[in-house]
Protein chains: 2
Amino acid sequence: MNISRAAELSGVSAKMIRHYESAGLIPAAGRTAAGYRVYAMDDVHRLAFIRRARAVGFGTADIRQLLSLWQNRQRPARDVKRLAVEHLQQLQARIADLEAIADTLSHLIGHCQGDERPDCPILDSLAADSPAPAATSTKRSKKAK
Amino acid sequence: MNISRAAELSGVSAKMIRHYESAGLIPAAGRTAAGYRVYAMDDVHRLAFIRRARAVGFGTADIRQLLSLWQNRQRPARDVKRLAVEHLQQLQARIADLEAIADTLSHLIGHCQGDERPDCPILDSLAADSPAPAATSTKRSKKAK
DNA sequence: GCTAAACCTTCCCATGATGGGAAGGTCAAG
DNA sequence: CTTGACCTTCCCATCATGGGAAGGTTTAGC
């Protein structure tokens, strides 16, 4: 089958199929005499695997490992789990960061009347809150006017 | 003062100061005869404002608007609040997405023993879960072998 | 057999914020 | 005058995805 059919069956766009090939996530596809890529169901399965891994947030490097673990029937489930747990922790860290930001913003919004008047605690806070993070001064910096 | 001093005082790296200039968030700095950028405290304040806005997740476009609202003493606080609320909603949407992913992953991890044996529900799930999203078939696709 | 549509190919560009690093000019202290 | 700490611009990379151009191929319809 050609690339658009493989895209249709796997749920991965033709554009991304080529991308995954160049990134080495899938083996280089066979070609027709005219240079068209040719796919079999095996490839479609692999692509769908990648799509699902992406859907739970795994990045290229993680997926590369997952694919190799998937291929290797001998691998211990522990390896897979470790990868997944690490990824989950990163996800949770990102969520915590975003929540902290959302809380801050939410707090600011709560203090803003949001009416016709120009008084706005949100802008005030952005304009003059924390001084400046750890000033890593450089050599000549004292002299700088 | 020169760019590295402005960076030190504002907490924005010299690299990013140049970037913000080219992005139009700050006016083009004045130059010495030799072409060095020259800054005053006004610029430092503006940069610090940008830094704090970035810290609560605002993107370039939002910051551009915030800066113009900040400059304009006549603006109604409502405009600022609206921008902030929209941004907060986007943040919350992203958080919800990540949480859904984290939940899915967490669920999979919970079902994986993670021992020496090769059985792994995580890989199984990636290998054969949802079929493929809405196949948008193209014209000739039926014929594709 | 010719034409036009629907494919395919590769290559470049853009996103968004940030940093790394190279090549080359400038300034101040010794 | 040398040296080191600056400054400048320009290119590249991240990460995954898509847009689009230029140009070749295949197939349906006549």
Side-chain angles (χ1 to χ4, degrees), chain A residues 1-8 10-26 28-39 47 50-64 87 90-91 94 97 101 133 136-145, chain B residues 1-8 10-26 28-39 47 50-64 87 90-91 94 97 101 133 136-145:
Chain A
M1 72 185 83
N2 60 25
I3 198 170
S4 64
R5 179 78 178 137
E8 194 181 337
S10 66
V12 175
S13 73
K15 206 87 178 183
M16 288 312 294
I17 293 176
R18 296 193 193 98
H19 177 68
Y20 290 148
E21 178 178 318
S22 84
L25 290 189
I26 53 174
R31 302 288 183 126
T32 65
Y36 284 22
R37 287 177 179 79
V38 179
Y39 297 90
L47 286 167
I50 294 173
R51 175 174 56 77
R52 293 185 200 104
R54 287 283 317 128
V56 287
F58 284 108
T60 307
D62 290 330
I63 294 178
R64 204 184 308 276
H87 178 50
Q90 287 175 6
L91 275 177
R94 275 177 63 199
D97 284 352
I101 291 175
T136 309
S137 68
T138 52
K139 303 297 175 55
R140 229 169 53 192
S141 61
K142 284 191 193 88
K143 272 297 189 76
K145 191 285 168 118
Chain B
M1 72 184 83
N2 60 26
I3 198 169
S4 66
R5 178 76 178 139
E8 195 182 334
S10 66
V12 174
S13 74
K15 206 84 177 183
M16 289 311 294
I17 293 178
R18 296 191 193 98
H19 177 67
Y20 290 148
E21 178 178 318
S22 84
L25 289 190
I26 53 175
R31 304 287 183 124
T32 66
Y36 284 22
R37 287 177 179 80
V38 178
Y39 297 91
L47 287 166
I50 295 173
R51 176 175 55 77
R52 294 186 200 102
R54 287 282 318 127
V56 288
F58 284 107
T60 306
D62 290 329
I63 295 178
R64 204 184 308 276
H87 178 49
Q90 287 175 7
L91 273 178
R94 275 178 63 198
D97 285 351
I101 291 176
T136 309
S137 67
T138 51
K139 302 297 174 54
R140 231 167 55 192
S141 62
K142 283 190 191 86
K143 271 297 189 77
K145 194 275 171 118

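Lettering of chains follows the sequences in order, A, B, ..., and the numbering in each one begins at 1.
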Check your understanding: Checking side-chain contact (heavy atoms from CB on, under 4.5 Å) for the pair A:M16/A:R51: CA distance, chi angles, key distance, verdict?
Key -> CA-CA 10 Å; A:M16 288 312 294; A:R51 175 174 56 77; over 6 Å; no
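- Panel note: side chain B:R64, backbone B:A23; a donor-acceptor pair is recorded below 3.5 Å.
- One atom, CE of B:M1, and another, C1' of D:dA5, lie 19 Å apart when rounded to the nearest Å.
- Atom-to-atom, CD1 of B:I50 to C1' of C:dG16 comes out at 15 Å; the value is rounded to the nearest Å.
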Review point. Do B:I17 and B:Y39 pass the side-chain contact (heavy atoms from CB on, under 4.5 Å) test, and can you show the C-alpha distance, the side-chain angles, and the key distance before you say yes or no?
Key: CA-CA 11 Å; B:I17 293 178; B:Y39 297 91; 3.3 Å; yes
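- Between A:T32 and C:dC8, a side-chain N or O to OP1/OP2 separation shorter than 4.0 Å is absent.
- The side chain of A:M16 has D:dT17 as its nearest neighbour among C:dC8, D:dT8, D:dT17.
- For the pair A:R51 CZ and D:dT17 P, the computed distance is 12 Å after rounding to whole Å.
- At a threshold of 4.0 angstrom between heavy atoms, the contacts of B:S13 are confined to the sugar-phosphate backbone, with no base atom among them.
- Here C:dA17 presents its C1' atom at 14 Å from CZ of B:R64, a figure rounded to the nearest Å.
- Rounding to whole angstrom units, CD1 of residue B:I3 and C1' of D:dT9 are separated by 12 Å.
- Rounded to an integer number of Å, the gap from CD of B:Q90 to P of C:dG16 is 12 Å.
- Distances shorter than 4.0 Å separate none of the side-chain N or O atoms of A:R5 from OP1 or OP2 on C:dC8.
- Here the closest non-hydrogen pair linking A:V38 and A:R31 is CG2-C, 4.1 Å.
- The residue among B:A34 and B:T60 whose nearest nucleotide of DNA chain C is located toward the 5' end is B:T60.
- Distance from the side chain of A:N2 is smallest for C:dC7 among the nucleotides C:dT10, D:dC6, C:dC7.
- The listed nucleotides are C:dT18, C:dC7, D:dG18; the one nearest the side chain of B:H19 is C:dT18.
- At the heavy-atom level, A:R37 lies under 4.0 Å from the strands shown only through sugar-phosphate atoms.
- Here C:dC27 is the nucleotide among C:dC27, D:dT17, D:dG20 with the atom lying nearest to any side-chain atom of B:Y36.
- Between A:Y20 and D:dT17, a side-chain N or O to OP1/OP2 separation shorter than 4.0 Å is present.
- Considering A:V12, A:T60, A:L25 in turn, A:L25 is the only one that fulfils the side chain to side chain contact (heavy atoms under 4.5 Å, CB included) rule with A:I50.
- At whole-Å resolution of the value, CD1 in A:I17 and P in D:dT17 are 12 Å apart.
- Sequence order on DNA chain C of the closest nucleotides to B:F58 and A:A14 puts A:A14 first from the 5' end.
- Contacts of A:R18 with the nucleic acid, taken as non-hydrogen atoms under 4.0 Å apart, include base atoms.
- Taking side-chain N and O atoms only, B:R54 has no distance below 4.0 Å to OP1 or OP2 of C:dG16.
- A salt bridge is defined here as a Lys NZ or Arg NE, NH1 or NH2 lying under 4.0 Å from an Asp or Glu carboxylate O, and B:E8 with B:R5 meets this definition.
- The nearest whole Å value for the distance from the CD atom in A:E21 to the P atom in C:dT9 is 9 Å.
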